[in-house]
Amino acid sequence: MSDVRVRFSPAPTGFMHLGNARTAVFNWLYARHTGGTFVLRIEDTDVTRSTSEAEEQIQNVVRWLGLDVDEGPFLQSSRFDRHRAAAAELVAAGNAYECFCTKEELDERARAMQASGLPPGYDGACRDLDPATRELRRSEGRPVTLRFRTPTEGRSSFVDAVRGEVSVAWSTVADFVLIRPDGSPVFYLANAVDDLDMRITHVIRGEDLIDSTHRVLAIRRALDPNRQPVYAHCPLILGPGGAKLSKRHGAVSVEEYRDAGYLPQAMVNYLAFLGWGIADGNEIMSGAELASRFDIVDVNHAGAAFDIQKLEWMNGEHIRMLPLDDLVVAVRPFVAKTFGESLNAELLRAAVELAQSRATTLVHIAEQCAFLFATDDVFTINEASWEKLVATDKIEDLLAAVITHCETCAWTIADLDLRRLLDPLELKPRKALPAIYTAIEGSHTGLPLFESIFLVGRERTVARLKAARDRLAQR
RNA sequence: GGCCCCGUCGUCUAGUGGCCUAGGACGCCGCCCUCUCAAGGCGGAAGCGGCGGUUCGAACCCGCUCGGGGCUACCA
């Protein structure tokens, strides 16, 4: 095992969206690539916005994706004492100070500064208070926050593993809050302290955090000047057209994709290729294959648009690669959702086998199999398909011939090859058979007909054909 | 507004000065296969944001410009 230690550290303040998932995937891939350790840390420093549901969802999604966690989950909220101690250390060393400004005062002054064309950051009002004034403020019962004292000159710079040197003038970075009046730490502090304590060597995260890195690094250096991790900021995932990914573009939470019938291995495969690519030859890979090839220095610079069509294709490819028994297990809950838990296992397996080569999602497979599990009272025919049936040439003769055949023939797939009935009627399979698909499967598109009829069984087949015949006669 | 980051087919990408009349994949179009729909096979259209440099030579280097994104919180 190498000494590489990475962590996925989401905030439990909402659902796990695709960007979070991709960050998790990159971290996991890098850990597995290097033989390092993958740590899960929940950054719940914002007590008012963090929820246990979100926390649970994060763990569910990580598990579902198959990203095995080596250490954790660790909750930052259980380490607040450690964060406060670190903050006290910073105050003692003069790197941080007490600020007595109220939220209202801050807001008001920020507005005024903005109005006069100045940047709206903290104005440093409490930065250099003398001890007497500090004592006075405290005695007034004002809230106390701890702020980090940011350098006034020079530049902050670090070498990012994907972007190279990133640098910013310290004069543009205002003093920022470390500890809130209620004693809870803010992200910068908790993040710096925990990465230090957990001996994180590589910080792989979204580009939205690139500017905060200067602040985190400043805290780290004040606490321990000897250790600095490698930072790798990955491009953000965009919606269609390069705009910000949002609900308007459809599902953005990973669980929605799971529920829509996407395979976790397809999700990992697709996400891995968003912002990174070997893109030479085969793109369908297992997590292990991806891990063997992944490296953070190969991550792209530009944001990547999420393309559901490619995910869908990739999902189909993974469905085709999956051993049949595994696919049956994956499909089962989707079928059980409408037809209950007591499913005929053999029937399900046979149906999934027929669907495996033609489906793109698990939901798609469940839909294609539905006609097999539908009892006659719930079996319904798709309206567009019914119209096609009605318009079929010699439909009455065709139905009559198929009914007779199905009532009397041997019940084997070979004997159920209905094409033999078509010649006498001077019909072509391509034109005539979709009507039979409709009568049996409820749609003119679906699982191969003769195998399907075989699985439906003689009794239900004849019943459905007669039902179609009768409905036709009524019009 | 300020600061930072980014810019190759519609989309994901390969490409780090000559191998590029820019390669692959999804999607799209056409053909083949075919009991429907798919899957599969074959073929096709489609791109270096723009302008200036540097160089014998630029998708690759530099400048400007335009465009996109992020940050600018007692969110992370």
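Side chains are part of it too, since the values below use all heavy atoms of this structure and drop only hydrogens, waters and symmetry mates. Chain letters run A, B, ... following the sequence lines, proteins first and then strands; every chain starts at 1.
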Classify the nucleic acid contact of R163(A) as base, sugar-phosphate or nothing, counting any heavy atom under 4.0 Å across all strands shown.
sugar-phosphate
Item to check | Spacing of the C1' atoms in U54(B) and G17(B) (rounded, Å) | outcome: 11 Å
The Watson-Crick or G-U wobble partner of C35(B), with both key distances under 3.5 Å, is none
Q: Check every strand shown and say whether R205(A) touches a base, only sugar-phosphate, or nothing at a heavy-atom separation below 4.0 Å.
A: nothing
* Asked: On a whole-Å scale, what distance lies between the C1' atoms belonging to U16(B) and U11(B)?
  -> 24 Å
Original post:
With sugar-phosphate meaning primed atoms plus P, OP1 and OP2, does Y270(A) contact a base, only sugar-phosphate, or nothing at under 4.0 Å between heavy atoms?
Top reply: nothing
- Indicate, yes or no, whether a donor-acceptor pair under 3.5 Å links the base of C37(B) to the side chain of R358(A). yes
- Message: Categorize C101(A) for me: base, sugar-phosphate, or nothing, with a 4.0 angstrom heavy-atom threshold over every strand shown.
- Response: base
**Asked** What nucleic acid atoms does H301(A) come within less than 4.0 Å of, heavy atoms only: base, sugar-phosphate, or nothing?
**Response** sugar-phosphate
For L449(A), report the nucleic acid contact type (base, sugar-phosphate, nothing); a contact means any heavy atom under 4.0 Å.
base
Which part of the nucleic acid, if any, lies within contact of G275(A), taking any heavy atom under 4.0 Å across all strands shown: a base, the sugar-phosphate backbone alone, or nothing?
-> sugar-phosphate
| query | NA contact type, N300(A), heavy-atom cut-off 4.0 Å: base, sugar-phosphate, or nothing? | reply | sugar-phosphate
Margin query: Using a 4.0 Å heavy-atom cut-off, does E451(A) contact any base of the nucleic acid, only the sugar-phosphate backbone, or nothing at all?
Written below: base
- Message: If we ignore hydrogens and angles and just use 3.5 Å, is the side chain of N269(A) paired with the main-chain N or O of L290(A) as donor and acceptor?
- Response: no
### Query
Does R22(A) count as lying over the ring of F26(A), i.e. NZ or CZ under 6.0 Å from the six-ring centre, within 45 degrees of the axis?
yes
Report task. Between C9(B) and G50(B), how far apart are the P atoms? Round to whole Å, please. Result -> 10 Å
| Under 6.0 Å from the six-membered ring centre of F100(A) and within 45° of its axis: does the NZ or CZ of R134(A) meet both? | no
Between W313(A) and L236(A), the residue closer to the 5' end of RNA chain B by nearest nucleotide is W313(A)
5'-most contact on RNA chain B (nearest-nucleotide basis), H444(A) vs R180(A), goes to H444(A)
- Task: For U8(B) and A14(B), measure between their P atoms and round to the nearest Å.
- Result: 10 Å
Result for side chain to side chain contact (heavy atoms under 4.5 Å, CB included) between I319(A) and one of V352(A), I365(A), T360(A) points to I365(A)
Notebook entry, point to check: At under 4.0 Å between heavy atoms, what does R155(A) touch on the DNA or RNA strands: base, sugar-phosphate, or nothing?
Noted result: sugar-phosphate
Using Watson-Crick geometry (N1-N3 plus N6-O4 or O6-N4) or G-U wobble (N1-O2, O6-N3), each under 3.5 Å, G67(B) is paired with C6(B)
P atoms of G41(B) and C5(B), separation to the nearest Å
44 Å
F187(A) atom CZ is separated from C71(B) atom C1', nearest whole Å, by 12 Å
Any strand, both distances under 3.5 Å, Watson-Crick or G-U wobble: C74(B) pairs with none
Taking the C1' atom in each of A45(B) and G52(B), what is the distance between them to the nearest angstrom? 33 Å
Within the 4.0 Å heavy-atom criterion, would you say T102(A) contacts the bases, only the backbone, or no part of the nucleic acid?
base
Using a cut-off of 4.0 Å on non-hydrogen atoms, how would the nucleic acid contact of I436(A) be classed: base, sugar-phosphate, or nothing?
-> nothing
Decide, yes or no, whether a salt bridge links R111(A) with E108(A) under the criterion of side-chain N to carboxylate O below 4.0 Å. no
Using Watson-Crick geometry (N1-N3 plus N6-O4 or O6-N4) or G-U wobble (N1-O2, O6-N3), each under 3.5 Å, U55(B) is paired with none
The salt bridge (Lys or Arg N to Asp or Glu O under 4.0 Å) partner of D197(A) among R82(A), R220(A), R7(A) is R82(A)
- [ ] Give one of base, sugar-phosphate or nothing for L209(A), where a contact means two heavy atoms less than 4.0 Å apart.
- [x] base
In whole Å, what separates the P atom of C29(B) from that of G2(B)?
46 Å
Inset, instruction - Decide if the gap between the ring center of W276(A) and the ring center of F294(A) is smaller than 6.0 angstrom. - result: yes
Evaluate whether the aromatic ring of Y437(A) and the six-membered ring of the C35(B) base sit under 5.5 Å apart, centre to centre, with an inclination under 30°.
no
**Study point:** Distance between P atoms of G30(B) and G70(B) (Å, rounded)
**Key:** 38 Å
* Assign S443(A) to base, sugar-phosphate, or nothing according to its heavy-atom contacts below 4.0 angstrom with the strands shown. => nothing
